[in-house]
Amino acid sequence: MPLHSFTVGQSIEFVPARFDGTAQRGTYTVVRQLPNDSSDREYRVRNVGDGHERVVRESQIRRGPTAPLG
């Protein structure tokens with residue numbers, strides 16, 4: 001089984017597909033890695049702005065913004 005690419009607590013950018021309805025694009029935090037047998041791993045994520053949680057596939061997300069160095 002392939003390993004998850006994102007870790008719990010990591011900030012990610014959710015990019016909904018055309019047919020994802022009202023799914024809100026934006027910055028989310030990975031809450032949990034979900035088990036599955038597919039090569040497109042799944043995660044439970046929480047929206048940083050409104051706290052809404054959803055399940056997303058790895059193909060729908062990318063690395064989120066990083067804190068500026070200073």
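Counting begins at 1 with the first residue of the sequence. Only this structure's heavy atoms are used, side chains among them; waters, hydrogens and symmetry mates stay out.
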(request) Keeping the roles fixed (side chain from D40, backbone from R57), state whether a donor-acceptor pair exists under 3.5 Å. (result) no
(request) Name all residues meeting the side-chain hydrogen bond (donor to acceptor under 3.5 Å, both in side chains) criterion together with T29; count only those two or more places apart in sequence or in a different chain, and write none if there are none. (result) none
(message) Taking salt bridge (Lys or Arg N to Asp or Glu O under 4.0 Å) as the definition, give me every residue that meets it alongside R63, ordered by chain and number, with sequence neighbours left out.
(response) none
(request) Return the set of residues passing side-chain hydrogen bond (donor to acceptor under 3.5 Å, both in side chains) with Q60 (not counting sequence neighbours), or none when no residue passes. (result) D20
(request) Kindly give the heavy-atom pair with the smallest separation between A23 and P16, and that separation in Å. (result) O-CG, 3.7 Å
(message) So, using side chain to side chain contact (heavy atoms under 4.5 Å, CB included) as the criterion, who are the partners of R62 when residues are at least two apart?
(response) E13, V15, R25
(request) Quick one: list whatever passes side-chain hydrogen bond (donor to acceptor under 3.5 Å, both in side chains) with R46, sequence neighbours left out. (result) E53
(message) How close do Y28 and H52 get, counting heavy atoms only, and between which atoms?
(response) CE2-O, 4.1 Å
(message) For I12 versus V45, what's the shortest heavy-atom pair and its separation?
(response) CD1-CG1, 4.2 Å
(message) List the residues meeting salt bridge (Lys or Arg N to Asp or Glu O under 4.0 Å) with E58, not counting sequence neighbours, and say none if there are none.
(response) R41
(message) Could you measure the distance from the CZ atom of F14 to the CD1 atom of I61? Nearest 0.5 Å is fine.
(response) 9.0 Å
(message) I'd like to check the salt bridge (Lys or Arg N to Asp or Glu O under 4.0 Å) partners of D50; sequence neighbours left out, ordered by chain and number.
(response) none
(message) List the residues meeting side-chain hydrogen bond (donor to acceptor under 3.5 Å, both in side chains) with S11, not counting sequence neighbours, and say none if there are none.
(response) none
(message) Which Ile, Leu, Val, Met, Phe, Trp or Tyr residues join L34 in one cluster when any pair of side-chain heavy atoms under 4.5 Å counts as a link?
(response) V55
(message) Restricting to ring-ring contact (aromatic ring centres under 6.0 Å, His included), what partner residues turn up for Y43, sequence neighbours left out?
(response) H4, F6
